[in-house]
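The figures here come from the full heavy-atom set of this structure, side chains too, leaving out hydrogens, waters and symmetry mates. By convention in this document, chain letters (A, B, ...) are assigned in the order of the sequence lines, proteins followed by strands, and residues within each chain are numbered from 1.
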Amino acid sequence: MLQQTPVDRVLPHWSTWLARWPAPSALAGEAPGEAIRAWGRLGYPRRALRLHEAATRIARDHADLVPADEGSLRALPGVGDYTAGAVRAFAYGQRALALDTNVRRVIARHDHGLPFPEGAVTRAESTYADSIQPQRTGAAWMAAVMELGALVCTARQPACERCPIAASCRWLALGRPEGTPPRRQARYAGSDRQARGALLAVLREAGGPVSQRQLDAAWPDARQRARALDGLVADGLVAPASRGRWALPD
DNA sequence: CAACCGTGGCT
DNA sequence: TAGCCAAGGTT
């Protein structure tokens, strides 16, 4: 849930979700469509599908316990470098690297004097971050750096005046240089992503299968609508139902 | 590696 | 207001 989504927006969904599905097997016992529906408007609904699939595999292959080792975690759908590290560190207290956007920003500024991290995470960046993480820290260092990035060394208005490591920060010493931002996000208004969201919202809020006409009403442009629906079906987020209708997957 | 994949709050 | 940005992953 936390992937590319602010913590404050996740928390209520997280509470509701765990109350309903306290164990992986509980989630695995329901249709993936139920996970997509419960996901609501959190965004990136493929995460709901992957979480359902991950829960299914954890229930089946890991005795209903989220694995604690890197390889097993990375083998789960939707679990990449960051999530595997976050689970190892924050759920199991291991010394693991969870190189999220907050941690990357803190290191870019404090260690390299850069206003923000460059595009994608490189091997060199991971290697460096691992090299500065204390050996006998458990998860404490990781938690501290991430919180520092999330609460103090923020992207827009960093609070350097109350930063505990301001004295050694290269970026601050350089006068907080601006620099050109890396990649810009694609425009959302009128995008295929917005079209997909509109279609999926109809399916989510409907009790069962919906007609083509109901989908047609959700997005004006027919070409784009068809492309969005194709994509949703290809992703497994939507499935054809009987009598030419559409539904969330069973 | 770049592009794609949602949504909403904040400036 | 239009753009920025958020505990990323997959292709």
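- Both A:Gln157 and A:Thr122 lie near DNA chain B, and the one whose nearest nucleotide falls closer to the 5' end is A:Thr122.
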Q: Do nucleotides 1-11 of chain C as a string where each nucleotide becomes B, S or -: B if the base has a protein heavy atom under 4.0 Å, S if just the sugar-phosphate does, - if no protein is that close.
A: ---BBBBBBS-

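- Rounded to an integer number of Å, the gap from CD of A:Gln194 to C1' of B:dC4 is 16 Å.
- Only the C1' atoms considered, B:dA2 is 23 Å distant from C:dA7, to the nearest whole Å.
- Counting to the nearest Å, the P atom of B:dT7 and the NE2 atom of A:His13 are 11 Å from each other.
- With rounding to whole Å, A:Trp39 atom CH2 is found 13 Å from B:dC5 atom C1'.
- A:Arg227 comes within contact range of no nucleotide atom at all, as no heavy-atom separation falls under 4.0 Å.
- To the nearest whole angstrom, the two P atoms, one in C:dT11 and one in B:dG6, are 14 Å apart.
- Distance check on atom P: B:dA3 versus C:dC4 gives 16 Å, rounded to whole Å.
- Note on A:Leu51: it does not cluster hydrophobically with A:Tyr44, by side-chain heavy-atom contacts below 4.5 Å among ILVMFWY residues.
- In this structure, A:Glu118 atom CD and B:dC1 atom C1' are separated by 15 Å, rounded to whole Å.
- For the pair A:Glu205 and A:Arg37, the salt-bridge criterion is not met [side-chain N within less than 4.0 Å of a carboxylate O].
- A:Glu53 and A:Arg50 are not joined by a salt bridge, as no carboxylate oxygen comes within less than 4.0 angstrom of a charged side-chain nitrogen.
- The distance between atom CG of A:Leu42 and atom C1' of B:dG9, rounded to the nearest whole Å, is 14 Å.
- Distance, A:Tyr188 OH to B:dC4 P: 15 Å, rounded to whole Å.
- When the P atom of B:dG6 is taken as reference, atom CD of A:Gln224 falls 13 Å away, rounded to whole Å.
- Of the two residues near DNA chain B, A:Val121 and A:Leu200, the one whose nearest nucleotide lies more 5' is A:Val121.
- Between A:Asp216 and A:Arg225 there is a salt bridge, since at least one side-chain N of the basic residue sits less than 4.0 Å from a carboxylate O of the acidic one.
- A:Val66 and A:Leu2 fall into different hydrophobic clusters, where Ile, Leu, Val, Met, Phe, Trp and Tyr side chains are chained together by heavy-atom contacts under 4.5 Å.
- With A:Trp141 contributing its side chain and A:Val145 its backbone, the two residues share no donor-acceptor pair below 3.5 Å.
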Q: Give the C-alpha distance, both sets of side-chain angles, the deciding distance and a yes or no for salt bridge (charged side-chain N to carboxylate O under 4.0 Å, His left out) between A:Asp69 and A:Arg74.
A: CA-CA 9 Å; A:Asp69 66 283; A:Arg74 283 303 316 265; over 6 Å; no

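- Taking atom CD of residue A:Glu125 and atom P of nucleotide B:dC1, one finds them 12 Å apart after rounding to whole Å.
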